[in-house]
Protein chains: 2
Amino acid sequence: MSNEPRKQRPGLRASQKEATGKAVLEAAREEFERVGFEAANLRAIAARAGVSAGTVIHHYGDKRELLHAALFDDLDETLRQALAGLGPGPLEKQLSELTRAVFGYYQRRPKLSRTLLKESLFADEPWARKFTAQAGMVHGALARLATEASARGELRPGADGALFAAAYLSFFYFALISWVQGAHPSPVSMVEHLVHQHLEGLRPVRKTPSRRSAR
Amino acid sequence: MSNEPRKQRPGLRASQKEATGKAVLEAAREEFERVGFEAANLRAIAARAGVSAGTVIHHYGDKRELLHAALFDDLDETLRQALAGLGPGPLEKQLSELTRAVFGYYQRRPKLSRTLLKESLFADEPWARKFTAQAGMVHGALARLATEASARGELRPGADGALFAAAYLSFFYFALISWVQGAHPSPVSMVEHLVHQHLEGLRPVRKTPSRRSAR
DNA sequence: CACGTTCAATGAACGTGTTTAATGAAGGCG
DNA sequence: CGCCTTCATTAAACACGTTCATTGAACGTG
C-alpha cells in the first residue's frame, strides 16, 4: 500500500514523450485547419511532426481523438473568456455577446467548423464526457445569468434558469448547424430572435407589455 | 419472351440497373440496422446483394449516400404520417404527438440512430438539399399548426408561426442529440418542458395567467 | 556496472472505402 | 445483320486509418 505521492522526476523518457505529443498536436492543428479534417492525412501530420504514423495513433488513439486533443482547449478557453467577459447589461444583450464570441470560434476555422461541430456533438468516449462537462459548465453559467436577470426584475421571480439555459443552447446549436450547413448567413440574429420570442412567450396578451417590441 | 409489357422507356439495361439498385438498397438497410453504420462492410453488403463492391459505389457514390438512400424514404414517410395524423387538440398536445412519432423512428433503430442523426444533420450535397427541403416541409406544417392555434385563441394574434416552428425544431434536435449521446433517457419530456416555457414566456407577469405553471 | 523490465517509437501489414481501367452485353443505326 | 457506342459491372489497384510485433533506449534494482 505504498500510495505515497511518489514524485516522478521529469524523466528523460517522459519528457521526450511529452515533446513528441506536443509536436504532433501542433502539426495536427496546422494540417486540420489548412485542409480540413477529412482531407488531412495522418502520415502527413506525422511527417510534419517528424515521427511515424504509428506514433500519432500511439499517442492519441485515433484520428478523431487527435482532432479533439488539438482543438478542445481552444474552444474551452474561448468559452471561459466569453463567459467571464460578459457585461452587466440586460440578459438579451449578454446572450448576444456570448453567441457572437462562440460563433467566432467556428467562423475563424472555415475549413474545419463543420466537422468540428459534427464531431463534438457526436463524440465518443472519453471525449463525449469532456464535451458534456463543458456544456454543463456553460449551462450553469447561463442559469446563473438568468437568475441574476430575474433578480433585476427582467424575468419573473419563479423563472426556471436551468430550463432557460437549455432553451438557449437549443437555439444556439440549431443556428450553428444551420450556418455550417449553409442554410443561414449568420446564426447570431437567428438566436437573438428565438431568445426574444422565448422570453416574451406566445400566449395571448393579458396586458400589452410596455417593453420595446423592436425588430 | 413475350412477357415484355411493351416497348417501354425502361429498356432491359435500365430495368436491370434498377433491380440491382434495389437489391443493394435492401442489403444495405439490413446490414446497417444489424451492425450499425461504421461496422457495416461495403463488400458484405455487395455480397448480400449479389454484386461487387464497385457496383455499390457506382450506384450510390459513397457509403454515406448509401445510408441516406437506404433510409431517407422511411423517415420521410414517418414524418408525413405523423403530421397527417395529428389530432385537433391543443398545440402542445399536437407537438407532443409529433415528438413521440419522430423519436420513435430513431428509437426503432438503436444501432443506427446516432449515426443517422449525425449524418443527416451534417449531410453533403446532394443530400443536404433533400434534408433541408424535408425540414422545410416540417417547418411549414409547424407554422401552420401555430397559426391555427393562434386562430383558436391559444396564441396571441400576432404570433410568428415560422419563428415558433424554428424554436420547436431547435428543441427537438437538441433533445434528440442529448438522447443519442446518452445524456437523457427520453427527449419527449424535455421537448415538452421547453415548448411549454417557450409558449408561456419568462417576462414578469403583468396579470396572473389562469394557467397553472406546472413543473 | 550488469541485468532484466518498461515502453515510446517504428514500419510493415491489414481492413476497408474508393478509384480506375477493362469487359462485354445492350442499344442505336445504316 | 454488322458495326459502333454506351454503360453497368467487375477485379485489381490504391489510399489511408489502424493494428501489431519488434526494437532499442531509458529505467529500476542488486
Side-chain angles (χ1 to χ4, degrees), chain A residues 2 4 6-25 27-28 31-32 34-70 115 118-119 123-124 127, chain B residues 1 3-25 27-28 31-32 34-70 115 118-119 123-124 127:
Chain A
S2 58
E4 303 176 33
R6 203 88 198 114
K7 181 62 190 86
Q8 305 247 36
R9 296 183 302 280
L12 203 158
R13 188 149 67 180
S15 64
Q16 254 304 333
K17 178 177 184 180
E18 190 185 332
T20 304
K22 290 207 125 195
V24 169
L25 227 48
E31 277 297 288
F32 284 149
R34 191 169 67 84
V35 301
F37 178 72
E38 315 221 336
N41 186 314
L42 277 195
R43 287 173 173 83
I45 291 173
R48 186 188 273 256
V51 298
S52 74
T55 298
V56 174
I57 295 296
H58 177 256
H59 274 246
Y60 297 100
D62 65 20
K63 195 183 179 186
R64 279 177 193 158
E65 293 199 31
L66 178 60
L67 175 74
H68 294 139
T115 304
K118 178 180 178 179
E119 297 301 335
D124 295 310
W127 287 95
Chain B
M1 314 313 168
N3 58 351
E4 300 294 357
R6 196 70 207 128
K7 234 196 273 201
Q8 75 277 43
R9 285 299 138 65
L12 203 158
R13 188 147 67 179
S15 63
Q16 255 304 332
K17 178 177 185 180
E18 190 186 333
T20 55
K22 289 207 124 194
V24 169
L25 227 48
E31 279 297 288
F32 284 149
R34 192 169 66 84
V35 302
F37 178 72
E38 314 222 330
N41 185 314
L42 278 194
R43 286 173 174 82
I45 292 173
R48 185 186 272 257
V51 297
S52 74
T55 297
V56 175
I57 293 298
H58 177 257
H59 274 245
Y60 298 101
D62 65 20
K63 197 183 179 186
R64 280 180 193 157
E65 293 198 31
L66 178 61
L67 175 74
H68 294 139
T115 304
K118 178 179 177 179
E119 297 302 333
D124 296 309
W127 286 95

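Chain naming here is simple, since letters A, B, ... match the order of the sequence lines and numbering starts at 1 in each. What you are looking at is a predicted structure, and each value in this text was computed from that prediction instead of being measured.
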Whole angstrom is fine here: how far is it from CD in A:Glu119 over to P in D:dG17? 13 Å
Across all chains, not counting sequence neighbours, the side chain to side chain donor-acceptor pair (under 3.5 Å) partners of B:Asp62 are none
Do the non-hydrogen side-chain atoms of B:Tyr60 and B:Leu67 ever get within less than 4.5 Å of each other? no
Please give, in whole Å, the distance from C:dT18 C1' to B:His58 NE2? 14 Å
Counting the atoms with a prime plus P, OP1 and OP2 as sugar-phosphate, which does B:Ala40 contact under 4.0 Å by heavy atoms, base, sugar-phosphate, or nothing? sugar-phosphate
Those residues that, when tested against A:Lys118, pass side chain to side chain donor-acceptor pair (under 3.5 Å) (two or more places apart): B:Glu119
Do the side-chain N or O atoms of A:Asn41 get closer than 4.0 angstrom to the phosphate oxygens (OP1, OP2) of D:dG17? yes
Taking side chain as C-beta onward, heavy atoms only, is B:Ile45 less than 4.5 Å from B:Phe32? yes
Just to confirm, is there a sub-4.0 Å distance from OP1 or OP2 of C:dA8 to any side-chain nitrogen or oxygen of A:Thr55? no
Taking OP1 and OP2 of D:dT9, is either one under 4.0 Å from a side-chain nitrogen or oxygen of B:His59? yes
Identify, between B:Lys17 and B:Arg43, the residue whose nearest nucleotide on DNA chain D lies closer to the 5' end. B:Lys17
Residues A:Arg64 and B:Glu38 bridged, charged N to O under 4.0 Å: yes
Calculate the interatomic distance between B:Arg64 atom CZ and C:dT16 atom P; express it in whole Å. 18 Å
Atom CZ of B:Phe37 and atom P of C:dT16 are separated, to the nearest Å, by 14 Å
To the nearest angstrom, how far is B:Gln16 atom CD from D:dT9 atom P? 7 Å
Quickly work out the A:Leu42 CG to D:dC16 P distance and round it to whole Å. 10 Å
Can you tell me if A:Thr20 touches the phosphate of C:dA8, counting only side-chain N or O atoms and a distance under 4.0 Å to OP1 or OP2? no
Side chain to side chain contact (heavy atoms under 4.5 Å, CB included) with B:His59: of B:Ile57, B:Thr55, B:Val56, only one passes, and it is B:Thr55
Taking CD from A:Glu18 and P from C:dA9, how many angstroms apart are they, rounded to a whole number? 12 Å
Is A:Ser52 near enough to C:dT10 that one of its side-chain N or O atoms lies under 4.0 angstrom from OP1 or OP2? yes
Separation of atom CG in A:Asp62 from atom C1' in D:dC16, rounded to whole Å: 14 Å
Would you say the side chain of B:Leu42 lies within less than 4.5 Å of the side chain of B:Leu66, judging by non-hydrogen atoms? yes
A:Arg13, nearest nucleotide to its side chain (from D:dT10, C:dT18, D:dC27): D:dC27
Convert the base pairs of DNA chain D into dot-bracket notation, remembering that pairs crossing earlier ones are written with [ ] and that bases paired across to another strand are shown as |; include only Watson-Crick or G-U pairs under 3.5 Å. ||||||||||||||||||||||||||||||
